[in-house]
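Residue numbers begin at 1 in each chain, while the letters A, B, ... track the order of the sequences.
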Amino acid sequence: MAEEIKKVGLLEGAENNPDNLLVVKNLKKYFPIKSSFFKMTVGNVKAVDGVSFAIKRGTTMGLVGESGCGKSTIGRTILRLQDKTEGEVYFNGKDLFALSKDELRKERPNIQIIFQDPYSSLSPRLPVGEIIGEAVREHKIVPPEEFDDYITRVMEACGLPEYAKSRYPHEFSGGQRQRICIARALALNPDFILCDEPVSALDVSIQAQIINLLRSLQKEFGLTYLFISHDLSVVEHISDTVGVMYLGNMVEFAPTETLFKNPLHPYTEALFSAIPIPDPDYQMHRIILEGSIPSPANPPKGCKFHTRCRKCMEICKYADPNFKMVEDEHFVACHLYNTEEENKIAQRLTEEAKKAEKEEAENQKNGKKK
Amino acid sequence: MASYNLNEVLKKKKKSETNANGEVKLDDVSRVKVLSPTMQVFKRFIRNRLAVFGSVVIIVLFVFCFLGPLLYPYGQKQTFYKYESINVKFGVATENTSYTGYVVDPSITVDVNANSYMTTYIKELLASGKTRTNKLADDGNFYQVDILGDNVVAMSQRGDVEAVASFGSSVVDVATYDAVTRSVKYKGEELGSDFEKKVASLKGNSGKFTLDGVEYSYRRGTGKNYIISTSKEGFIYSGAPLSSDFEDKAEKAEPGDLFSSDGIEYVVVVNGDTKTAYRVGEARIAKVFTSYVIDLYDNSVKVTDEFRNNALLSAYTTGKFTADGKNYTLVDHDDVLTIYDESGKEYGEFSNFIIRRSNGDDTIEYEAKVHIREAIEDMQDKGLQTSQFTTRLPQQTADGQYAYDENGTLLYDDESEVRVKQTDRNYELWANQVTYVIDRFAAPSTTHILGTDGDGFDVFARVMYGGRVSLMVGFVVVLIELIIGVIMGGLAGYYGGWVDNIIMRAVDVFYCLPSMPIMIILGGIMDAMRMDVYRRLFIMMIALGIMGWAGVARLVRGQILSFREQEFMIAAEATGIKVKDRIFKHLIPNVMPQLIVSATMGIGGTILTESTLSFLGLGVKHPLATWGTMINSVSSASAMAHYAYIWIPVGLLISFTVIAFNFIGDGLRDAYDPKGKR
């Protein structure tokens, strides 16, 4: 029952709204675990387990969460760099997973990606000009006679000197490389850029440069970003909306200001309490999360966060909370914000689950006795 | 398409900026252009001096090998000859002792046995010291053998033979006794009752008995007949008795001797104790036998039977004869009969020596023959094994024929020493001859820049032609290996999964294939099919390429497996680059350094493999040249020491090629590897 609400729920028809550039509906990505010899699937790593959100044109959505919660997997699945397990991704109203390979290839320039690691994401044997220009030539973004100038312009727009064209990536610093990555993405006239932790490998001063570059580019060209990061202050700085992920699920989604002012989910609270505040006199009230993140191959029953939640209730252990709008534009998945009706359902599910558990325990006991 | 046009936006922005500062223009020459990776590699490559040197060497080698032969006058299979004075076996002289018969009168049918016994008859006659004998042959005719002189024997037939008398101790049948009728029949006179009694008591098949002092012998005839005979002395005539003159002469005559009595000729033949006298007809010369060999002054003239027979028959008589309407004179020198023609010039001679060229031709000139014979006779007289004399001999060509000048006249050597050497009954003639021979192992000169090899081929020409094959094989084989290997390895590495599995199993199979036995079998098949040399070469290159791609594929696959998961590959996919470009523009360049090293190594290795195969007779066949076979042709220690001008240039060229390829490989690797220090 809870599943159903989730599925249809909030984003029904959102792909038809021209304001929404990217709509992700109930996206799931499982990685099968194969047995060593016979290659039988013995289980799944549920890297992304039903995530839905929409991004409006010209805005930036931040996606935060601790390491291993599935942020990057979402990114790559959206770009169809890997296959989905379930769900839909709409870009400009088109279902990306319904496209043929050739159609997809033609659609590629509109959806670009900037990688976390500027070292491995540039082909070491191509000169920078070729790295940026290869796809431009491939997709005929500009007429051939303007090609050279165009690359120069794009590079200048990304703060790269012109002489960099004939250089190889290893001759550049990390920040410059990241600019090359941005230039490569930008040169294709994209509508949407997926920034997969673009600054996490850089030092803070360069981080700022890159972030500001991204922002200025957005302002200039009206780009839409999905900004994946685990650095909350960066996300706060650049994002219009923020989604918080935990173990493959989105637990909270809201406009940045709302979220940072009033985090609703206990996990978000704990996360935000870790943001350092540059004031030596300020007494931090950190909420310490006990234990480590559970394995996505065998996630806990009920609310996935309940093992570490300080506000954990009985129903949290058995019933999966709905992802629903609690305030205006503020979505959260937590039993704390249940309506009466939802509570009842949760309660009932809990009872049932407990009963089943008991029976199983007894069965096991009997089995042992025999 | 995007909702904005980045190009236009940037252009506008740039315009306003440049207008403000007026600094760099977009069409400025100093502007840096986006170079394609190939151009970039090329740019980096030509900065490397060694690599440029290597390329120049390879280009020069290619020009040398592929264009050089067009300008060089000699071909690779052109054999060169020279005139050289070498001691050759010019001819052989054999002393002839066997008699050969020549038919004088073809109308006379000679008894076959008599003919074949002639040599024996002649020997008997020579041993007995007589000059004439008569032999009764199976055909009932007498054959008279006359020794006309040294080495000349005439054979005449005497017909009309009739046995006239037998004499000496002859057995005569006296009576026949029939045991059934018990009657005695006498052949001559009756011998009385005592005899008859004795006869009646005869037993057995044969025996003897004596009666009245006369010895009788008996033998059993057909049935119960006994034939009684006794031996009698004196003449018994088959016809009428002849005169006492006949009897005297007959008694004196030795077997085979001819005597005449009362104008009739008789011959006596001895058979055991009995001698028989035959009356014989006139002698007609049937054949003439001789151990002489005729040599004419002009050795182009054929000897006719008439000429030979008349000459031989007249040799020891008048010394004059006529043949073919011309008169000749014949003079008996010691052991030699010299023939003079009408004008008194030497025309030819008979001798016991058969002097022939070493190829069997009877073309040695008369004058030389005379010299040779005199030398041999001198040797025989003095009991020497060798002897020498000086004479002029004609020049020979490489195949032993006489050499003629352009007018068709025989070319002569200068007067030179001829050595005669006795072996058994033969006398070998050795002479220094200016001979037209294959110019083997000629030292470098202006005509042959690098000399000639063991087959008389020009080494320089072969170096060029051999280079074609060697370079082409090295290049093409490695190219085939690379093409197959890169495609297969690229596919296996990029797609992984079952594609990888299938391709890598194929690689395993190709790794396991024993290439040498396969090449040997292939070579055998191509031998059996008598395949064209160039097609062989082509098939060999393909086979070598197919054998060798597995290593390249494995190399490429390994590298690609490690690179395809890198983020830049995901980035390439995200930017919508085609799979083909992703493999060949992003993955393969990363494998290039290893590929180039293996390829440049491979070219050297393949040139050597090719030479091995050629050496085994599987690759390029002689007389087509390759560098490998050229070195192999002088690979023995002594040849290496003496014919350095053959293998040193070739060896240097192979080294140059391999080194140059390595330089190019190094340069390419550096050019492909942007991180490498130059």
Side-chain angles (χ1 to χ4, degrees), chain A residues 57 76 79 81 104-113 115-117 120-127 129-135 138-139 141-142 146-154 156-157 162-171 181 184-191 194 220-222, chain B residues 1-15 17-18 24-28 30-41 43-44 497 563 565-579 581-582 585-593 671-676:
Chain A
R57 242 173 245 284
R76 293 189 185 195
L79 260 67
L81 293 174
L104 178 70
R105 206 172 61 74
K106 283 178 183 145
E107 196 59 38
R108 286 273 186 220
N110 293 332
I111 322 162
Q112 279 304 305
I113 181 168
F115 290 95
Q116 175 177 9
D117 181 2
S120 71
S121 57
L122 295 173
S123 187
R125 299 197 183 270
L126 292 181
E130 181 66 20
I131 290 177
I132 297 171
E134 188 187 12
E138 172 83 30
H139 294 288
I141 305 287
V142 288
E146 277 184 52
F147 175 75
D148 243 321
D149 295 340
Y150 177 64
I151 300 300
T152 311
R153 287 187 200 111
V154 172
E156 271 168 15
E162 192 183 15
Y163 63 77
K165 265 185 194 173
S166 58
R167 304 281 172 94
Y168 286 90
H170 72 275
E171 294 171 54
C181 290
R184 169 172 66 190
L186 195 67
L188 294 177
N189 266 9
D191 285 331
L194 173 70
E220 216 162 327
F221 306 121
Chain B
M1 232 17 214
S3 50
Y4 58 97
N5 190 326
L6 186 64
N7 196 16
E8 295 305 321
V9 176
L10 287 172
K11 262 190 198 167
K12 260 181 217 160
K13 196 179 156 201
K14 188 75 193 175
K15 224 177 214 172
E17 273 174 25
T18 39
V24 190
K25 288 235 167 73
L26 282 177
D27 50 358
D28 202 327
S30 65
R31 290 174 53 86
V32 181
K33 296 256 177 190
V34 178
L35 286 174
S36 73
T38 329
M39 273 310 291
Q40 192 79 18
V41 166
K43 212 172 113 189
R44 294 167 63 91
F563 276 107
E565 296 301 334
Q566 300 247 348
E567 260 176 353
F568 69 81
M569 286 311 293
I570 299 172
E573 192 186 347
T575 47
I577 310 278
K578 284 174 190 151
V579 173
D581 287 343
R582 265 182 265 161
K585 278 177 88 172
H586 292 250
L587 287 177
I588 298 298
N590 286 300
V591 197
M592 271 302 175
Y672 267 109
D673 182 12
K675 291 177 193 168

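Side-chain atoms of Met592(B) and Arg125(A), non-hydrogen and from C-beta on, never get closer than 4.5 Å to each other.
The line from CD of Glu567(B) to CD1 of Ile113(A) is 7.5 Å long, rounded to the nearest 0.5 Å.
Salt bridge status for Glu138(A) with Arg582(B): absent, with no side-chain N to carboxylate O gap under 4.0 Å.
Heavy atoms closer than 4.5 Å to chain B are found nowhere in Ala185(A), neither backbone nor side chain. When heavy atoms are compared at a cutoff of 4.5 Å, Glu107(A) does not approach chain B at all. The parts of Leu186(A) that come within reach of chain B are both its backbone and its side chain, each placing non-hydrogen atoms under 4.5 angstrom from that chain. In this structure, chain B has a heavy atom under 4.5 Å from the side chain of Glu146(A), while its backbone stays farther away. For Arg76(A), the part lying near chain B is the side chain, with the backbone staying farther off; criterion is any non-hydrogen pair under 4.5 Å.
The shortest heavy-atom contact between Phe568(B) and Ser123(A) is CB-N, 3.4 Å. Contact detail for Arg184(A) and Ala571(B): the closest heavy-atom pair is NH2-CB, 3.2 Å. Taking each heavy atom of Arg108(A) and Glu573(B) in turn, the nearest pair found is NE-O, 3.2 Å. Closest heavy-atom contact between Leu79(A) and Ala574(B): CD2-CB, 4.3 Å.
Your options are Ser121(A), Ala187(A), Ala157(A), and the one with the most heavy-atom pairs under 4.5 Å with chain B is Ser121(A). Between chain B and the residues Leu126(A), Leu194(A), Leu104(A), the largest count of heavy-atom pairs under 4.5 Å involves Leu126(A).
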Kindly indicate, with the supporting measurements, whether the criterion side chain to side chain donor-acceptor pair (under 3.5 Å) is fulfilled by Ser120(A) and Gln566(B).
CA-CA 6 Å; Ser120(A) 71; Gln566(B) 300 247 348; 4.9 Å; no
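Judged purely by atom type and a 3.5 angstrom limit, His139(A) uses its side chain to pair as donor or acceptor with the backbone of Thr575(B).
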